[in-house]
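A short write-up of the structure that comes next.
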Amino acid sequence: EKGGFRHFMLKEIHEQPQAVLNTIRGRVVPETGEVRLPELGLDEAAVRALRRLSIIACGTSWHAGLVAKYWIEEWTGLPVEVELASEFRYRRPLLDGQVLAVAVSQSGETADTLAGLRMAKERGAPVVGICNVVGSTVTREAHGTLYTHAGPEIGVASTKAFTSQLAALYLLGLYLAQVRGDLDAAARREKIRALVAVPGILEGRLGAWQARCRELADRFYGCRDFLYLGRHLGFPLALEGALKLKEISYIHAEGYAAGEMKHGPIALIDREMPVTVVAPRDHVYEKVLSNMEEVRSRRGILIALGEEGDEALRQTADHVVEVPRPPDPALNPFLYAVPLQLLAYEIAVARGCDVDQPRNLAKSVTVE
Ligand code: F6R
């Protein structure tokens with residue numbers, strides 16, 4: 001049942017190329033740059049009238065929403081709010097028919113996300129579900145559902161659900177930009193071509209990433225705290241990397257926007273503190289590098305995830321996990337998510353933790 005893997009989580013990490021491919025399949029026409037999402041049930045006039053998006057989710061699904069904010073704001077110019085469902089549901093709901101509400105949930109049964117979805121509906125907002133479980137409550141209550149086709153996720157820690165949510169949200173963003181005329185066919189063709197390359201890139205790297213993460217785990221499995229840093233698209237990845245580590249290894253971990261470090265968390269850094277940094281060579285790379293220098297001057301241990309062949313990164317960091325450069329930096333979240341999952345996995349295994357069934361956690365949180 002685990003297909004030769006030691007845990008469901010590891011099997012599901014390795015299923016990500018297929019999960020992402022299945023989520024894209026049939027929804028894009030690479031030759032024309034067209035994105036087809038009839039299942040959203042949105043008419044084009046309503047899409048053109050949108051003023052804003054409100055993405056509602058919890059946990060890892062919320063992190064997927066945070067990534068999507070960067071994409072969708074960039075491509076469409078629409079403001080995107082990403083709401084923790086447990087907070088959203090107790091605020092005054094500032095939604096109406098011109099706000100697209102997007103409920104992101106692997107299980108489709110998360111109580112807070114459902115409450116948020118129902119509030120959005122009551123306010124007259126069109127509601128799209130992004131969901132992995134066929135026939136779940138989110139899919140029955142949303143006006144339309146964009147399914148992630150990740151297949152059943154058994155491990156409590158979300159892995160392939162996350163990357164397939166990213167794929168679905170990427171398609172949603174392109175679709176909105178297409179209908180609203182924000183991205184022309186040539187631009188969409190490039191974005192689609194880049195997305196379609198992701199499964200192959202992941203497939204080619206999984207083995208090397210796992211081996212590298214095992215080496216790092218052997219060194220760091222005894223640590224008490226980890227800090228994760230990133231900027232721009234690397235910021236939600238830092239949050240996700242820290243969440244994966246804490247939930248399965250029980251090591252305290254915090255994800256932070258790298259630029260926020262000097263507003264507090266820098267006080268934590270000493271020679272016992274590993275700092276995992278998401279550092280692709282994008283437009284904020286230089287800024288991230290200077291944050292790494294700050295960690296180094298306080299003797300923190302730097303584990304950097306960055307591009308292969310990046311010599312400056314090798315000079316600055318103590319340890320580097322190499323990630324290939326994708327055709328478009330917008331794809332980095334897919335590529336950096338996987339080694340972050342593997343790092344958490346290998347550390348948890350080294351600590352003898354029950355990776356698939358972490359204490360105190362349930363696969364779907366159907367009560368608040
Ligand atoms: C983390 C994890 C949780 C879920 C959260 C939302 O690995 O699995 O944080 O992401 O409970 O669950 P869904 O997506 O089912 O609404």
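Order of appearance sets the numbers: ligands from 1, and atoms from 1 within every ligand.
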N or O contact, [X] vs ligand 1, cut-off under 3.5 Å:
| X | value |
| --- | --- |
| Thr113 | no |
| Gln106 | yes |
| Gly108 | no |
| Gln165 | no |

In Å, rounded to the nearest 0.5 Å, how long is the span from CH2 of Trp62 to CG of Leu243?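 Going from CH2 on Trp62 over to CG on Leu243, the span is 10.5 Å.
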Contact between Val156 and ligand 1, counting heavy atoms under 4.0 Å?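 For ligand 1, residue contact (heavy atoms, under 4.0 Å) with Val156 is present.
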Hey, is Cys58 one of the residues with a heavy atom under 4.0 angstrom from ligand 1?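 Judged by the 4.0 Å heavy-atom criterion, Cys58 does count as contacting ligand 1.
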Is the distance between the ring centroids of His232 and Tyr70 less than 6.0 Å?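 Distance test on ring centres: under 6.0 Å, yes.
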Below 6.0 angstrom between ring centroids: does that apply to His14 and Phe5?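 Yes; Phe5 has its ring centre under 6.0 Å from that of His14.
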For [atom], what's the nearest protein heavy-atom neighbour? Residue, atom name and distance, please.
| atom | result |
| --- | --- |
| atom 7 (O) of ligand 1 | Glu247 OE2, 2.5 Å |
| atom 11 (O) of ligand 1 | Val365 CG2, 4.1 Å |
| atom 3 (C) of ligand 1 | Thr60 N, 4.1 Å |

Name the one of Glu308, Gln210, Glu322 that satisfies side chain to side chain donor-acceptor pair (under 3.5 Å) with Arg205?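 Output: one option passes, namely Glu308.
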Pick one: which of Gln18, Gln341, Glu15, Glu12 meets side chain to side chain donor-acceptor pair (under 3.5 Å) with Lys160?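 Going through the options one by one, the only one that passes is Glu15.
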Part of Glu109 within contact of ligand 1 (heavy atoms, under 4.0 Å):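 Neither part.
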Residue-level breakdown please: for Lys244 versus ligand 1, do any non-hydrogen atoms fall below 4.0 Å on the side chain, on the backbone, on both, or on neither?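 Side chain only; the backbone of Lys244 stays clear of ligand 1.
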As a test of understanding, state which of Glu311, Glu286, Glu307 forms a salt bridge (Lys or Arg N to Asp or Glu O under 4.0 Å) with Arg281.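 When Glu311, Glu286, Glu307 are each tested with Arg281, the salt bridge (Lys or Arg N to Asp or Glu O under 4.0 Å) holds only for Glu307.
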Output yes when Lys262 and Glu294 qualify as a salt bridge under the 4.0 Å nitrogen-oxygen rule, no when they do not.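 Judged by the 4.0 Å cut-off on N to carboxylate O distance, Lys262 and Glu294 do form a salt bridge.
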